[in-house]
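One is the number of the first residue; the rest follow in order along the sequence. Side-chain atoms are counted along with the backbone in the values below, which use heavy atoms only and exclude waters and symmetry mates.
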Amino acid sequence: MSFHHRRRGEDHGIDDWLMTYADMITLLLCFFAVFLSVSVQKRMTEAQLMKPIIITSGAPDDIEANTPLQPQPHIVVPTSTEIGNHITAMQMSSSTFFDSGSATLTEAGKKVLANEVSILKSPKYHEYEITVEGHTDDTPIGSDSEFRSNWELSSARASAVVQFFIEQGIEPFKLRAAGYADTFPRVPNRDAHGNPIPENQAKNRRVVIKLEKMEQAD
């Protein structure tokens with residue numbers, strides 16, 4: 001074998017080694033690129049999940065602005081119940097509006113609701129439906145009550161608020177009333193041993209006023 005022939009063979013072996021090395025480097029770069037992409041995507045997803053759910057565009061800004069910074073007897077807490085819909089909710093302690101076991105609005109409760117009516121009747125919210133929800137704690141209705149169950153009591157309270165809104169000039173077709181008894185507590189009514197938690201039960205006795213933007217007809 002000639003010198004020149006051996007030299008060409010050796011050069012060919014070196015070229016193969018360099019090509020294999022280059023392929024390995026390329027694969028490593030691709031691996032790190034994919035790893036970085038997945039890592040960044042995971043961090044973005046986690047950051048999105050940690051963001052608080054906020055009221056979507058079109059929600060009543062005036063109601064948000066009236067939210068007290070500290071808990072008050074008249075609690076107004078805007079919340080978003082479903083992303084993509086124009087929904088907000090005002091949650092208010094039922095003790096402000098009703099005596100224990102009663103579905104008759106108190107004078108103090110009427111004054112509070114009258115202030116909300118001025119907002120709800122504004123042209124800005126003409127396209128919103130208003131749903132009033134009644135919620136109770138899990139304490140059974142007493143035998144001397146005019147209501148047979150918390151279902152009847154919560155429904156009657158929601159209806160009383162709706163009737164007041166109608167009397168104040170809100171269009172009836174925009175109003176809904178719903179009673180949920182103790183099926184949707186904000187916090188547990190009882191501890192692990194089944195004992196009542198009075199402060200939690202007070203939070204669960206509430207009136208919720210939800211505003212949802214009506215769908216436009218095609």
Side-chain angles (χ1 to χ4, degrees), residues 42-56 59-60 63-106 108-110 112-113 116 129-162 164 175-212:
K42 181 179 179 181
R43 286 198 297 269
M44 290 178 62
T45 302
E46 290 175 349
Q48 290 171 350
L49 291 174
M50 290 174 66
K51 289 182 179 179
I53 298 175
I54 60 174
I55 299 171
T56 56
I63 293 175
E64 288 186 86
N66 289 338
T67 304
L69 298 179
Q70 300 295 329
Q72 301 292 335
H74 169 217
I75 302 175
V76 182
V77 183
T79 60
S80 177
T81 56
E82 184 176 345
I83 297 176
N85 286 346
H86 302 296
I87 300 176
T88 188
M90 295 181 287
Q91 301 194 42
M92 297 172 279
S93 171
S94 62
S95 62
T96 304
F97 305 96
F98 305 100
D99 293 330
S100 179
S102 171
T104 302
L105 279 170
T106 63
K110 291 179 181 179
V112 170
L113 290 175
E116 304 302 334
E129 288 183 343
I130 304 169
T131 300
V132 180
E133 298 177 356
H135 297 265
T136 69
D137 61 25
D138 64 343
T139 303
I141 291 291
S143 58
D144 58 342
S145 174
E146 60 180 302
F147 303 103
R148 292 180 296 177
S149 68
N150 280 322
W151 286 101
E152 287 190 5
L153 176 60
S154 60
S155 298
R157 286 179 169 177
S159 298
V161 175
V162 164
F164 179 81
L175 293 164
R176 306 287 186 274
Y180 291 104
D182 62 325
T183 56
F184 293 103
R186 293 179 60 196
V187 289
N189 283 296
R190 298 177 183 273
D191 62 22
H193 302 289
N195 300 314
I197 308 174
E199 58 270 24
N200 283 8
Q201 290 181 323
K203 292 178 181 178
N204 291 329
R205 296 190 296 269
R206 67 199 191 276
V207 174
V208 178
I209 302 173
K210 288 184 178 178
L211 306 180
E212 181 174 4

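- A distance-only check finds a donor-acceptor pair linking the side chain of Thr183 to the backbone of Tyr180 [under 3.5 Å].
- Side-chain atoms of Ser149 never come within 3.5 Å of backbone atoms of Ile141 as a donor-acceptor pair (strictly under, hydrogens ignored).
- Remark: side-chain polar atoms of Asn150 are not paired, donor with acceptor, to backbone N or O of Asp138 under 3.5 angstrom.
- Every side-chain hydrogen bond (donor to acceptor under 3.5 Å, both in side chains) that Glu152 has, sequence neighbours left out, goes to Arg148.
- In plain terms, the two heavy atoms of Ala158 and Gly134 that are nearest each other are CB-N, 3.8 Å.
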| said: One pair to check against side-chain contact (heavy atoms from CB on, under 4.5 Å): Gln201 and Thr139. What are the steps and the verdict? | reply: CA-CA 8 Å; Gln201 290 181 323; Thr139 303; 3.5 Å; yes
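- The side-chain hydrogen bond (donor to acceptor under 3.5 Å, both in side chains) test with Asp137 singles out one residue from Lys203, Arg190, Arg205, and that residue is Arg205.
- By the 4.5 Å heavy-atom criterion applied to side chains, Val132 and Val207 are counted as neighbours.
- Thr96 contributes atom OG1, which lies 11.0 Å from atom CG of Leu105 (distance to the nearest 0.5 angstrom).
- Considering only heavy atoms from C-beta on, His135 stays 4.5 Å or farther from Arg186 through its side chain.
- Among all heavy-atom pairs drawn from Ser155 and Gly179, the shortest one is OG-CA, 3.5 Å.
- Residues Phe184 and Arg206 share a closest heavy-atom pair of O-NH2, 2.7 Å.
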| request: For side-chain contact (heavy atoms from CB on, under 4.5 Å), just list the numbers for Thr104 and Asp99, CA-CA rounded to whole Å, side-chain angles, deciding distance to a tenth of an Å, and then say yes or no. | output: CA-CA 8 Å; Thr104 302; Asp99 293 330; over 6 Å; no
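- The CD1 atom of Ile197 lies 8.0 Å from the CG atom of Asn189; values are rounded to the nearest 0.5 Å.
- Between Ala103 and Ala160, the shortest heavy-atom contact is O-CB, 3.4 Å.
- You'll find the side chain of Asn204 stays beyond 4.5 Å of the side chain of Asp182, heavy atoms only.
- Residue Phe147 holds its CZ atom at 8.0 Å from CZ of Arg157, rounded to the nearest 0.5 Å.
- Under a 3.5 Å cut-off, the side chain of Ser102 and the backbone N or O of Phe98 do not form any donor-acceptor pair.
- Between Ile130 and Leu175, some side-chain heavy-atom pair lies under the 4.5 Å cut-off.
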